[in-house]
K.L.:
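Just dropping this structure here.
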Amino acid sequence: MLKQHLQFKLSQKLSPQQIQLMKLIQLPTQAFEQRLKQELEENPALEGGKEESDSIDDEFEDRYDENDESDSEIIATDDINIDDYLSDDEIPDYRTKANNYSADDEEKNVPYAAGTSFNQYLLNQLNTVYLNDEEWSIAEFLVGSVDESGYIRRPIADITDDLAFTQNIYTEEKTIEKVLKLVQKLDPPGVAARSLEECLIIQLKRKEATPNIELAITILEKSFEQFTKKHYKKLIQKYNISEEQLRNAISEIEKLNPKPGGSYSGNNRMVEHVVPDFSIRIVDGELELTLNGRNAPELHVSREYNNMLKGYKDAKKKSKSQKDTVLFIKQKLDAAKWFIDAIRQRQQTLFITMNSIMHYQSEYFLTGDERNLRPMILKDIADEIQMDVSTVSRVANSKYVDTPYGTKLIKEFFSESMKNDQGEDVSTKEIKKILETVIGEESKKKPLTDDKLAAILKEKGYPIARRTVAKYREQLDIPVARLRKQI
(Lines give C-alpha, C1' and ligand atoms only; values in the text may rest on other atoms or scores of the structure.)
Protein backbone atom coordinates (compact mmCIF):
# COMPACT_ATOMS: atom_id res chain seq x y z
CA MET A 1 0.00 0.00 0.00
CA LEU A 2 1.42 3.35 -1.05
CA LYS A 3 1.21 6.33 1.25
CA GLN A 4 1.73 9.93 0.32
CA HIS A 5 2.78 12.55 2.81
CA LEU A 6 4.37 15.97 2.82
CA GLN A 7 7.62 16.52 4.64
CA PHE A 8 8.91 20.02 5.37
CA LYS A 9 12.61 20.43 5.94
CA LEU A 10 14.30 23.70 6.86
CA SER A 11 17.77 23.98 5.37
CA GLN A 12 20.20 26.75 4.57
CA LYS A 13 22.33 26.56 1.46
CA LEU A 14 24.96 28.98 0.30
CA SER A 15 24.45 30.37 -3.17
CA PRO A 16 27.26 29.99 -5.72
CA GLN A 17 27.91 33.74 -5.35
CA GLN A 18 28.29 33.43 -1.57
CA ILE A 19 30.69 30.52 -1.98
CA GLN A 20 32.75 32.53 -4.48
CA LEU A 21 32.80 35.50 -2.10
CA MET A 22 34.12 33.29 0.71
CA LYS A 23 36.86 32.05 -1.61
CA LEU A 24 37.76 35.64 -2.54
CA ILE A 25 37.99 36.63 1.13
CA GLN A 26 40.37 33.74 1.83
CA LEU A 27 42.81 34.71 -0.94
CA PRO A 28 45.96 36.58 0.13
CA THR A 29 47.09 39.57 -1.95
CA GLN A 30 49.18 37.76 -4.57
CA ALA A 31 46.59 35.01 -5.15
CA PHE A 32 43.86 37.66 -5.31
CA GLU A 33 45.75 39.49 -8.06
CA GLN A 34 45.91 36.25 -10.07
CA ARG A 35 42.17 35.71 -9.56
CA LEU A 36 41.48 39.28 -10.68
CA LYS A 37 43.63 38.82 -13.77
CA GLN A 38 41.78 35.61 -14.63
CA GLU A 39 38.37 37.31 -14.32
CA LEU A 40 39.48 40.22 -16.52
CA GLU A 41 40.65 37.78 -19.18
CA GLU A 42 37.50 35.65 -19.08
CA ASN A 43 34.85 38.38 -18.94
CA PRO A 44 35.09 41.02 -21.69
CA ALA A 45 32.41 43.09 -19.94
CA LEU A 46 34.78 43.74 -17.03
CA GLU A 47 37.60 46.25 -17.40
CA GLY A 48 40.25 47.59 -15.07
CA GLY A 49 41.67 51.08 -14.64
CA LYS A 50 40.03 54.47 -14.73
CA GLU A 51 37.22 55.11 -17.19
CA GLU A 52 36.42 58.32 -19.02
CA SER A 53 33.00 59.58 -18.02
CA ASP A 54 30.42 60.03 -20.77
CA SER A 55 26.86 61.31 -20.42
CA ILE A 56 24.22 58.60 -20.46
CA ASP A 57 20.58 58.98 -21.44
CA ASP A 58 18.03 59.48 -18.72
CA GLU A 59 16.55 56.37 -17.16
CA PHE A 60 14.17 54.41 -19.28
CA GLU A 61 12.56 50.99 -19.28
CA ASP A 62 12.92 49.08 -22.52
CA ARG A 63 10.54 46.20 -23.17
CA TYR A 64 10.83 43.73 -25.99
CA ASP A 65 8.20 43.94 -28.70
CA GLU A 66 6.52 40.58 -28.47
CA ASN A 67 4.52 41.27 -31.67
CA ASP A 68 7.63 41.74 -33.79
CA GLU A 69 6.52 40.57 -37.25
CA SER A 70 10.07 39.92 -38.44
CA ASP A 71 10.50 37.10 -35.95
CA SER A 72 7.70 34.90 -34.75
CA GLU A 73 9.71 33.35 -31.90
CA ILE A 74 9.19 35.08 -28.58
CA ILE A 75 12.21 35.32 -26.28
CA ALA A 76 11.46 35.84 -22.61
CA THR A 77 13.67 38.83 -21.97
CA ASP A 78 11.14 41.22 -20.49
CA ASP A 79 13.00 41.13 -17.19
CA ILE A 80 16.02 42.89 -18.68
CA ASN A 81 16.24 46.48 -17.51
CA ILE A 82 18.93 47.86 -19.79
CA ASP A 83 19.28 50.98 -17.63
CA ASP A 84 20.69 48.77 -14.89
CA TYR A 85 23.72 48.31 -17.08
CA LEU A 86 23.91 51.72 -18.75
CA SER A 87 23.65 53.95 -15.70
CA ASP A 88 25.11 52.06 -12.74
CA ASP A 89 28.55 52.17 -14.26
CA GLU A 90 28.56 55.93 -13.80
CA ILE A 91 27.87 55.79 -10.07
CA PRO A 92 31.09 56.81 -8.25
CA ASP A 93 30.49 54.09 -5.65
CA TYR A 94 31.03 51.55 -8.38
CA ARG A 95 34.68 52.46 -8.28
CA THR A 96 36.23 50.16 -5.71
CA LYS A 97 38.89 52.66 -4.66
CA ALA A 98 38.29 54.18 -1.22
CA ASN A 99 40.15 56.72 0.88
CA ASN A 100 40.91 54.31 3.69
CA TYR A 101 43.00 52.05 1.49
CA SER A 102 46.67 52.68 0.94
CA ALA A 103 47.73 53.50 -2.60
CA ASP A 104 50.95 51.61 -1.94
CA ASP A 105 52.80 53.81 -4.39
CA GLU A 106 56.07 52.31 -3.22
CA GLU A 107 54.92 48.74 -3.67
CA LYS A 108 57.54 46.92 -5.67
CA ASN A 109 57.15 43.74 -7.68
CA VAL A 110 59.18 41.02 -6.00
CA PRO A 111 61.51 39.39 -8.55
CA TYR A 112 61.92 35.65 -8.63
CA ALA A 113 65.40 34.41 -9.37
CA ALA A 114 65.67 32.10 -12.33
CA GLY A 115 68.43 29.56 -12.59
CA THR A 116 69.37 25.93 -12.76
CA SER A 117 67.92 23.42 -10.34
CA PHE A 118 70.00 21.98 -7.52
CA ASN A 119 70.32 18.62 -9.31
CA GLN A 120 71.38 20.30 -12.55
CA TYR A 121 73.94 22.30 -10.59
CA LEU A 122 75.45 19.01 -9.36
CA LEU A 123 75.36 17.47 -12.85
CA ASN A 124 77.21 20.46 -14.27
CA GLN A 125 80.01 19.80 -11.79
CA LEU A 126 80.17 16.14 -12.82
CA ASN A 127 81.27 17.26 -16.29
CA THR A 128 84.66 18.15 -14.79
CA VAL A 129 85.14 14.65 -13.35
CA TYR A 130 86.57 11.85 -15.48
CA LEU A 131 84.11 8.91 -15.51
CA ASN A 132 83.58 6.01 -17.87
CA ASP A 133 80.11 5.41 -19.33
CA GLU A 134 78.94 3.10 -16.54
CA GLU A 135 80.26 5.39 -13.80
CA TRP A 136 78.63 8.40 -15.44
CA SER A 137 75.26 6.65 -15.55
CA ILE A 138 75.59 5.66 -11.89
CA ALA A 139 76.69 9.18 -10.88
CA GLU A 140 73.79 10.72 -12.79
CA PHE A 141 71.37 8.38 -11.01
CA LEU A 142 72.88 9.21 -7.61
CA VAL A 143 72.59 12.96 -8.27
CA GLY A 144 68.97 12.42 -9.24
CA SER A 145 68.45 10.71 -5.86
CA VAL A 146 69.70 13.72 -3.88
CA ASP A 147 66.78 15.38 -2.07
CA GLU A 148 66.27 19.11 -1.48
CA SER A 149 68.22 18.97 1.80
CA GLY A 150 71.22 17.50 -0.01
CA TYR A 151 70.92 13.89 1.24
CA ILE A 152 70.59 10.47 -0.41
CA ARG A 153 68.10 8.78 1.89
CA ARG A 154 68.06 5.33 0.26
CA PRO A 155 70.30 2.33 1.02
CA ILE A 156 72.92 1.36 -1.56
CA ALA A 157 71.23 -2.05 -1.97
CA ASP A 158 67.99 -0.35 -3.08
CA ILE A 159 69.89 1.88 -5.50
CA THR A 160 71.58 -1.21 -6.95
CA ASP A 161 68.19 -2.80 -7.62
CA ASP A 162 66.78 0.41 -9.12
CA LEU A 163 69.73 0.74 -11.50
CA ALA A 164 69.10 -2.81 -12.70
CA PHE A 165 65.33 -2.51 -13.10
CA THR A 166 64.99 1.05 -14.37
CA GLN A 167 68.32 1.81 -16.07
CA ASN A 168 69.31 -1.70 -17.18
CA ILE A 169 72.64 -1.21 -15.38
CA TYR A 170 73.87 -4.29 -13.55
CA THR A 171 76.65 -3.42 -11.14
CA GLU A 172 77.96 -4.19 -7.67
CA GLU A 173 77.45 -2.21 -4.48
CA LYS A 174 81.16 -1.52 -4.14
CA THR A 175 81.13 0.18 -7.57
CA ILE A 176 78.25 2.40 -6.48
CA GLU A 177 80.10 3.17 -3.22
CA LYS A 178 83.15 4.22 -5.24
CA VAL A 179 81.08 6.55 -7.48
CA LEU A 180 79.24 7.90 -4.44
CA LYS A 181 82.55 9.00 -2.92
CA LEU A 182 83.19 11.03 -6.10
CA VAL A 183 79.72 12.60 -5.97
CA GLN A 184 80.31 13.51 -2.31
CA LYS A 185 83.28 15.63 -3.42
CA LEU A 186 80.94 18.01 -5.25
CA ASP A 187 79.85 21.34 -3.81
CA PRO A 188 78.26 22.26 -1.48
CA PRO A 189 80.32 20.28 1.05
CA GLY A 190 78.35 17.46 2.63
CA VAL A 191 76.12 16.83 -0.37
CA ALA A 192 75.00 13.23 -1.17
CA ALA A 193 75.55 12.09 2.43
CA ARG A 194 73.34 9.24 3.65
CA SER A 195 73.05 10.48 7.24
CA LEU A 196 73.67 13.55 9.36
CA GLU A 197 76.75 11.89 10.80
CA GLU A 198 78.26 11.29 7.35
CA CYS A 199 77.26 14.80 6.20
CA LEU A 200 79.14 16.45 9.07
CA ILE A 201 82.20 14.21 8.70
CA ILE A 202 82.45 14.97 4.97
CA GLN A 203 82.46 18.69 5.73
CA LEU A 204 85.09 18.36 8.45
CA LYS A 205 87.39 16.35 6.17
CA ARG A 206 87.21 19.16 3.59
CA LYS A 207 88.69 21.56 6.17
CA GLU A 208 92.35 22.05 7.02
CA ALA A 209 93.45 19.45 9.55
CA THR A 210 93.89 20.84 13.07
CA PRO A 211 93.75 19.16 16.51
CA ASN A 212 90.22 20.50 17.00
CA ILE A 213 89.06 19.23 13.59
CA GLU A 214 90.65 15.80 14.13
CA LEU A 215 89.02 15.48 17.56
CA ALA A 216 85.65 16.51 16.10
CA ILE A 217 85.95 13.84 13.38
CA THR A 218 86.88 11.18 15.96
CA ILE A 219 83.90 12.07 18.15
CA LEU A 220 81.48 11.93 15.19
CA GLU A 221 82.91 8.66 13.84
CA LYS A 222 83.16 6.78 17.13
CA SER A 223 80.81 8.48 19.61
CA PHE A 224 78.06 10.09 17.56
CA GLU A 225 75.23 8.92 19.85
CA GLN A 226 76.96 10.20 22.98
CA PHE A 227 77.58 13.51 21.21
CA THR A 228 73.94 13.94 20.14
CA LYS A 229 72.76 13.10 23.67
CA LYS A 230 75.28 15.60 25.08
CA HIS A 231 76.97 13.12 27.41
CA TYR A 232 79.96 15.42 27.71
CA LYS A 233 81.45 13.90 30.85
CA LYS A 234 81.62 10.48 29.19
CA LEU A 235 83.34 12.00 26.13
CA ILE A 236 85.93 13.75 28.32
CA GLN A 237 86.69 10.49 30.14
CA LYS A 238 86.70 8.34 26.98
CA TYR A 239 89.16 10.50 25.04
CA ASN A 240 91.08 11.79 28.08
CA ILE A 241 90.65 15.40 27.05
CA SER A 242 89.99 18.64 28.88
CA GLU A 243 86.69 20.49 28.94
CA GLU A 244 88.30 23.24 26.84
CA GLN A 245 89.39 20.75 24.15
CA LEU A 246 85.89 19.29 23.95
CA ARG A 247 84.36 22.76 23.77
CA ASN A 248 86.65 23.67 20.84
CA ALA A 249 85.81 20.45 18.96
CA ILE A 250 82.07 21.00 19.45
CA SER A 251 82.51 24.58 18.26
CA GLU A 252 83.91 23.26 14.95
CA ILE A 253 80.91 20.93 14.55
CA GLU A 254 78.44 23.72 15.26
CA LYS A 255 79.88 25.71 12.34
CA LEU A 256 78.83 22.99 9.86
CA ASN A 257 75.71 22.95 7.68
CA PRO A 258 73.35 20.05 8.50
CA LYS A 259 71.37 20.69 5.29
CA PRO A 260 73.85 21.40 2.49
CA GLY A 261 71.11 21.44 -0.16
CA GLY A 262 69.43 24.39 1.52
CA SER A 263 72.52 26.56 1.01
CA TYR A 264 72.18 26.49 -2.78
CA SER A 265 70.41 29.69 -3.86
CA GLY A 266 69.23 28.09 -7.08
CA ASN A 267 67.32 25.37 -5.23
CA ASN A 268 64.31 24.29 -7.25
CA ARG A 269 62.00 25.16 -4.40
CA MET A 270 60.43 28.55 -5.01
CA VAL A 271 60.89 30.88 -2.07
CA GLU A 272 57.59 32.17 -0.79
CA HIS A 273 57.53 35.95 -0.69
CA VAL A 274 54.98 37.29 1.75
CA VAL A 275 53.07 40.38 0.63
CA PRO A 276 51.36 42.02 3.65
CA ASP A 277 47.62 42.45 3.15
CA PHE A 278 47.45 45.21 5.77
CA SER A 279 49.72 47.80 7.31
CA ILE A 280 49.54 49.16 10.86
CA ARG A 281 51.43 52.31 11.79
CA ILE A 282 51.56 54.45 14.93
CA VAL A 283 50.78 58.08 14.06
CA ASP A 284 50.80 60.62 16.92
CA GLY A 285 50.28 57.84 19.43
CA GLU A 286 47.29 56.41 17.55
CA LEU A 287 47.06 53.22 15.51
CA GLU A 288 46.42 53.66 11.80
CA LEU A 289 45.30 50.74 9.62
CA THR A 290 45.50 50.60 5.83
CA LEU A 291 44.62 47.85 3.39
CA ASN A 292 47.22 47.04 0.76
CA GLY A 293 46.24 49.04 -2.33
CA ARG A 294 46.71 45.97 -4.49
CA ASN A 295 43.54 44.64 -2.88
CA ALA A 296 41.55 47.68 -4.10
CA PRO A 297 41.62 47.66 -7.92
CA GLU A 298 39.64 50.11 -10.01
CA LEU A 299 37.07 48.19 -12.04
CA HIS A 300 34.19 49.17 -14.28
CA VAL A 301 31.83 47.76 -16.85
CA SER A 302 33.06 47.88 -20.43
CA ARG A 303 32.10 51.04 -22.36
CA GLU A 304 31.85 48.94 -25.51
CA TYR A 305 29.20 46.77 -23.90
CA ASN A 306 27.31 49.89 -22.86
CA ASN A 307 27.34 51.08 -26.46
CA MET A 308 25.97 47.73 -27.62
CA LEU A 309 23.01 48.10 -25.29
CA LYS A 310 22.45 51.68 -26.38
CA GLY A 311 22.40 50.49 -30.00
CA TYR A 312 19.84 47.86 -29.13
CA LYS A 313 17.71 50.45 -27.31
CA ASP A 314 17.75 52.82 -30.28
CA ALA A 315 16.76 50.09 -32.74
CA LYS A 316 13.08 50.27 -33.68
CA LYS A 317 12.85 46.58 -34.50
CA LYS A 318 14.53 43.85 -32.56
CA SER A 319 15.56 40.72 -34.44
CA LYS A 320 16.16 37.35 -32.84
CA SER A 321 19.93 37.67 -33.30
CA GLN A 322 19.86 41.05 -31.56
CA LYS A 323 17.90 39.57 -28.69
CA ASP A 324 20.34 36.67 -28.40
CA THR A 325 23.20 39.17 -28.31
CA VAL A 326 21.50 41.13 -25.54
CA LEU A 327 21.01 37.94 -23.55
CA PHE A 328 24.76 37.21 -23.87
CA ILE A 329 25.63 40.77 -22.88
CA LYS A 330 23.30 40.56 -19.90
CA GLN A 331 25.06 37.41 -18.64
CA LYS A 332 28.48 39.03 -18.91
CA LEU A 333 27.29 42.26 -17.31
CA ASP A 334 25.64 40.38 -14.46
CA ALA A 335 28.91 38.53 -13.84
CA ALA A 336 30.92 41.78 -14.06
CA LYS A 337 28.60 43.63 -11.66
CA TRP A 338 28.63 40.75 -9.22
CA PHE A 339 32.43 40.53 -9.31
CA ILE A 340 32.82 44.26 -8.69
CA ASP A 341 30.38 44.06 -5.81
CA ALA A 342 32.11 40.95 -4.42
CA ILE A 343 35.47 42.73 -4.44
CA ARG A 344 33.92 45.66 -2.58
CA GLN A 345 32.47 43.26 0.00
CA ARG A 346 35.86 41.54 0.26
CA GLN A 347 37.58 44.86 0.96
CA GLN A 348 35.00 45.83 3.57
CA THR A 349 35.21 42.42 5.27
CA LEU A 350 39.01 42.46 5.38
CA PHE A 351 39.17 46.02 6.69
CA ILE A 352 36.43 45.61 9.31
CA THR A 353 37.90 42.34 10.59
CA MET A 354 41.49 43.61 10.85
CA ASN A 355 40.33 46.89 12.36
CA SER A 356 38.53 44.98 15.10
CA ILE A 357 41.61 42.80 15.75
CA MET A 358 43.83 45.90 15.85
CA HIS A 359 41.70 47.63 18.49
CA TYR A 360 41.24 44.43 20.49
CA GLN A 361 45.03 44.04 20.66
CA SER A 362 45.82 47.78 20.76
CA GLU A 363 48.20 47.40 23.73
CA TYR A 364 50.35 44.99 21.77
CA PHE A 365 50.38 47.05 18.56
CA LEU A 366 51.36 50.17 20.53
CA THR A 367 54.21 48.46 22.42
CA GLY A 368 55.25 45.37 20.46
CA ASP A 369 55.46 43.41 23.73
CA GLU A 370 53.89 39.98 23.24
CA ARG A 371 53.08 39.89 26.94
CA ASN A 372 50.46 42.53 26.17
CA LEU A 373 48.57 40.22 23.81
CA ARG A 374 45.08 39.70 25.23
CA PRO A 375 43.42 36.28 25.12
CA MET A 376 41.41 36.34 21.87
CA ILE A 377 39.54 33.64 20.01
CA LEU A 378 37.81 33.82 16.63
CA LYS A 379 34.39 34.14 18.27
CA ASP A 380 35.45 37.32 20.11
CA ILE A 381 36.03 39.11 16.80
CA ALA A 382 33.08 37.44 15.04
CA ASP A 383 30.70 38.66 17.76
CA GLU A 384 32.13 42.17 17.66
CA ILE A 385 31.78 42.63 13.90
CA GLN A 386 28.63 40.47 13.69
CA MET A 387 30.04 38.06 11.15
CA ASP A 388 30.41 34.30 11.05
CA VAL A 389 33.38 32.68 12.80
CA SER A 390 34.35 30.99 9.51
CA THR A 391 34.70 34.41 7.85
CA VAL A 392 37.06 35.64 10.56
CA SER A 393 38.99 32.38 10.25
CA ARG A 394 39.45 32.92 6.50
CA VAL A 395 40.96 36.33 7.15
CA ALA A 396 43.14 35.24 10.07
CA ASN A 397 44.59 32.08 8.53
CA SER A 398 45.70 33.50 5.20
CA LYS A 399 46.53 37.19 5.70
CA TYR A 400 49.61 39.05 6.89
CA VAL A 401 49.91 42.48 8.47
CA ASP A 402 52.96 44.75 8.34
CA THR A 403 53.54 46.19 11.81
CA PRO A 404 56.32 48.33 13.33
CA TYR A 405 57.61 45.04 14.77
CA GLY A 406 57.73 43.04 11.54
CA THR A 407 55.31 41.24 9.24
CA LYS A 408 53.01 38.92 11.17
CA LEU A 409 50.50 36.24 10.25
CA ILE A 410 47.21 37.47 11.70
CA LYS A 411 46.32 34.16 13.34
CA GLU A 412 49.36 34.65 15.61
CA PHE A 413 47.36 37.25 17.53
CA PHE A 414 44.76 34.67 18.55
CA SER A 415 45.25 32.57 21.68
CA GLU A 416 43.31 30.79 24.39
CA SER A 417 43.13 32.16 27.91
CA MET A 418 44.23 30.79 31.28
CA LYS A 419 43.74 31.97 34.82
CA ASN A 420 46.66 33.35 36.80
CA ASP A 421 46.93 33.09 40.58
CA GLN A 422 44.82 36.25 40.92
CA GLY A 423 41.97 34.78 38.88
CA GLU A 424 42.64 37.04 35.87
CA ASP A 425 42.47 35.81 32.28
CA VAL A 426 45.89 35.81 30.65
CA SER A 427 46.86 34.82 27.13
CA THR A 428 48.68 31.54 26.58
CA LYS A 429 50.97 33.56 24.30
CA GLU A 430 51.96 35.65 27.34
CA ILE A 431 52.85 32.47 29.25
CA LYS A 432 54.83 31.13 26.29
CA LYS A 433 56.76 34.39 26.05
CA ILE A 434 57.66 34.25 29.74
CA LEU A 435 58.62 30.57 29.37
CA GLU A 436 60.86 31.44 26.43
CA THR A 437 62.49 34.24 28.45
CA VAL A 438 63.13 31.96 31.45
CA ILE A 439 64.75 29.32 29.23
CA GLY A 440 66.81 31.99 27.48
CA GLU A 441 68.22 33.15 30.82
CA GLU A 442 68.94 29.67 32.24
CA SER A 443 72.43 28.29 32.81
CA LYS A 444 73.27 26.27 29.71
CA LYS A 445 75.57 24.09 31.77
CA LYS A 446 72.58 23.05 33.86
CA PRO A 447 69.35 23.69 31.90
CA LEU A 448 66.02 23.76 33.72
CA THR A 449 63.84 20.65 33.60
CA ASP A 450 60.11 20.95 32.86
CA ASP A 451 59.36 20.42 36.58
CA LYS A 452 61.63 23.33 37.52
CA LEU A 453 60.14 25.50 34.75
CA ALA A 454 56.64 24.77 36.08
CA ALA A 455 57.78 25.77 39.58
CA ILE A 456 59.29 29.06 38.29
CA LEU A 457 56.12 29.92 36.37
CA LYS A 458 54.07 29.19 39.48
CA GLU A 459 56.27 31.62 41.44
CA LYS A 460 55.58 34.24 38.77
CA GLY A 461 51.82 33.77 39.20
CA TYR A 462 51.08 31.20 36.47
CA PRO A 463 50.11 27.89 38.12
CA ILE A 464 50.35 25.45 35.21
CA ALA A 465 51.17 21.75 35.22
CA ARG A 466 54.47 20.23 34.08
CA ARG A 467 52.80 18.54 31.08
CA THR A 468 51.46 21.95 30.02
CA VAL A 469 54.96 23.39 30.24
CA ALA A 470 56.20 20.52 28.06
CA LYS A 471 53.45 21.20 25.51
CA TYR A 472 54.25 24.93 25.32
CA ARG A 473 57.98 24.19 25.09
CA GLU A 474 57.40 21.85 22.15
CA GLN A 475 55.18 24.44 20.44
CA LEU A 476 58.08 26.89 20.78
CA ASP A 477 60.43 24.31 19.18
CA ILE A 478 62.60 24.25 22.31
CA PRO A 479 64.22 20.86 23.07
CA VAL A 480 64.25 19.15 26.45
CA ALA A 481 66.76 20.23 29.10
CA ARG A 482 69.31 17.51 28.25
CA LEU A 483 69.54 18.69 24.62
CA ARG A 484 69.87 22.35 25.66
CA LYS A 485 72.99 21.57 27.66
CA GLN A 486 76.20 23.26 26.60
CA ILE A 487 79.70 22.62 27.86
Side-chain angles (χ1 to χ4, degrees), residues 14-51 93-112 270-281 289-302 332 334-358 378 381-382 385 387-403 406-414:
L14 291 175
S15 68
Q17 288 82 4
Q18 288 173 311
I19 294 172
Q20 289 298 318
L21 176 59
M22 291 298 101
K23 289 181 178 179
L24 281 175
I25 289 172
Q26 189 166 348
L27 294 176
T29 298
Q30 285 181 302
F32 169 71
E33 288 181 316
Q34 292 299 318
R35 176 68 179 88
L36 178 64
K37 181 181 178 182
Q38 178 188 351
E39 191 70 21
L40 285 168
E41 289 175 351
E42 293 178 356
N43 190 349
L46 182 68
E47 292 183 349
K50 294 183 179 180
E51 181 194 18
D93 287 345
Y94 231 35
R95 306 282 167 76
T96 58
K97 194 80 169 181
N99 290 333
N100 58 349
Y101 304 128
S102 167
D104 276 343
D105 292 332
E106 296 182 1
E107 189 68 48
K108 302 283 194 305
N109 289 326
V110 180
Y112 288 90
M270 179 174 286
V271 179
E272 180 184 0
H273 295 275
V274 173
V275 176
D277 304 271
F278 307 91
S279 177
I280 292 178
R281 291 290 175 264
L289 173 68
T290 53
L291 176 65
N292 188 324
R294 290 159 65 173
N295 287 285
E298 292 188 353
L299 298 173
H300 59 268
V301 174
S302 167
K332 294 300 180 182
D334 280 340
K337 291 180 67 177
W338 173 84
F339 192 74
I340 292 171
D341 187 57
I343 287 179
R344 185 189 300 114
Q345 290 184 56
R346 176 183 184 272
Q347 292 169 207
Q348 291 172 346
T349 301
L350 295 186
F351 195 85
I352 290 170
T353 304
M354 189 63 227
N355 192 56
S356 176
I357 293 171
M358 180 183 73
L378 296 172
I381 301 301
I385 62 178
M387 288 186 182
D388 194 80
V389 170
S390 63
T391 303
V392 178
S393 175
R394 284 180 170 86
V395 176
N397 289 332
S398 60
K399 305 290 184 298
Y400 289 83
V401 57
D402 182 29
T403 75
T407 299
K408 310 283 186 180
L409 183 61
I410 294 171
K411 73 175 182 180
E412 294 177 4
F413 304 130
F414 289 84

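Atoms considered below: every heavy atom in the structure, side chains included; atoms not considered: hydrogens, waters and symmetry mates. Everything numeric here is computed off the predicted structure, so don't read it as measured data.
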K.L.:
State, to 0.1 Å, how close Ser398 and Pro28 come at their nearest heavy-atom pair, and which atoms those are.
P.N.:
O-CB, 3.4 Å
K.L.:
Given the rule in the side-chain contact (heavy atoms from CB on, under 4.5 Å) test, do Tyr400 and Thr29 qualify, once you have shown the distances and angles that lead to the verdict?
P.N.:
CA-CA 9 Å; Tyr400 289 83; Thr29 298; over 6 Å; no
K.L.:
To the nearest 0.5 Å, what is the distance between CD on Gln30 and CG on Asn292?
P.N.:
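It is 10.0 Å, given to the nearest 0.5 Å.
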K.L.:
Is the shortest side-chain heavy-atom distance between Thr391 and Thr349 below 4.5 Å?
P.N.:
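They are in side-chain contact.
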K.L.:
Does the side chain of Val401 reach to within under 4.5 Å of the side chain of Ile357, using non-hydrogen atoms?
P.N.:
no
K.L.:
Is a donor on one side and an acceptor on the other found under 3.5 Å between the side chain of Asn355 and the backbone of Phe351?
P.N.:
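Side chain of Asn355 to backbone of Phe351, a donor-acceptor pair under 3.5 Å: no, none is there.
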K.L.:
Between Arg35 and Glu39, does any NZ, NE, NH1 or NH2 come within less than 4.0 Å of an OD or OE carboxylate oxygen?
P.N.:
yes
K.L.:
For Met354, which of Ile280, Thr290, Ile381 qualifies under side chain to side chain contact (heavy atoms under 4.5 Å, CB included)?
P.N.:
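Only one of Ile280, Thr290, Ile381 forms a side chain to side chain contact (heavy atoms under 4.5 Å, CB included) with Met354, namely Ile280.
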K.L.:
Give a yes or no answer on whether the side chain of Lys399 reaches the backbone of Pro276 with a donor-acceptor pair at less than 3.5 Å.
P.N.:
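Looks like no, no N/O pair under 3.5 Å.
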K.L.:
Rounded to the nearest 0.5 Å, what's the gap from CD1 on Ile343 to CG on Asn295? Could you check?
P.N.:
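Rounded to the nearest 0.5 Å, the CD1-CG separation comes out at 9.5 Å.
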K.L.:
Identify the heavy atoms of Thr403 and Gly406 that sit nearest to each other, and give their distance.
P.N.:
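Between these two residues, the closest heavy atoms are OG1-O, 2.7 Å.
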K.L.:
Got a second to check how far Met22's CE is from Leu24's CG, nearest 0.5 Å?
P.N.:
9.0 Å
K.L.:
Please identify which of these residues, Lys37, Arg294, Arg346, meets the side chain to side chain contact (heavy atoms under 4.5 Å, CB included) condition with Phe32.
P.N.:
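Among the candidates, only Arg346 passes.
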K.L.:
Going from CD1 on Ile385 to OG1 on Thr353, what distance comes out if it is rounded to the nearest 0.5 angstrom?
P.N.:
3.5 Å
K.L.:
Using side-chain contact (heavy atoms from CB on, under 4.5 Å), reason through Leu36 and Phe339 one step at a time and then give a plain yes or no.
P.N.:
CA-CA 9 Å; Leu36 178 64; Phe339 192 74; 3.6 Å; yes
K.L.:
Is there side-chain contact between Arg344 and Ile340, with heavy atoms separated by less than 4.5 Å?
P.N.:
yes
K.L.:
Determine whether Val395 and Val392 make a side-chain contact, defined as any pair of heavy atoms from C-beta on separated by less than 4.5 Å.
P.N.:
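Answer no - side chains too far apart.
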K.L.:
So how far is it from Gln345 CD to Ile25 CD1, rounded to the nearest 0.5 Å?
P.N.:
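Interatomic distance, Gln345 CD to Ile25 CD1, rounded to 0.5 Å: 7.5 Å.
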K.L.:
Quick check against the 3.5 Å criterion: does Ser356 have a side-chain atom that pairs as donor or acceptor with the backbone of Ile352?
P.N.:
no
K.L.:
Surrounding NZ of Lys411 (heavy atoms of other residues, nucleotides or ligands, distance under 6.0 Å), is the total greater than 12?
P.N.:
no
K.L.:
Starting at OG of Ser393, measure out to CE of Met387 and round the result to the nearest 0.5 Å.
P.N.:
14.0 Å
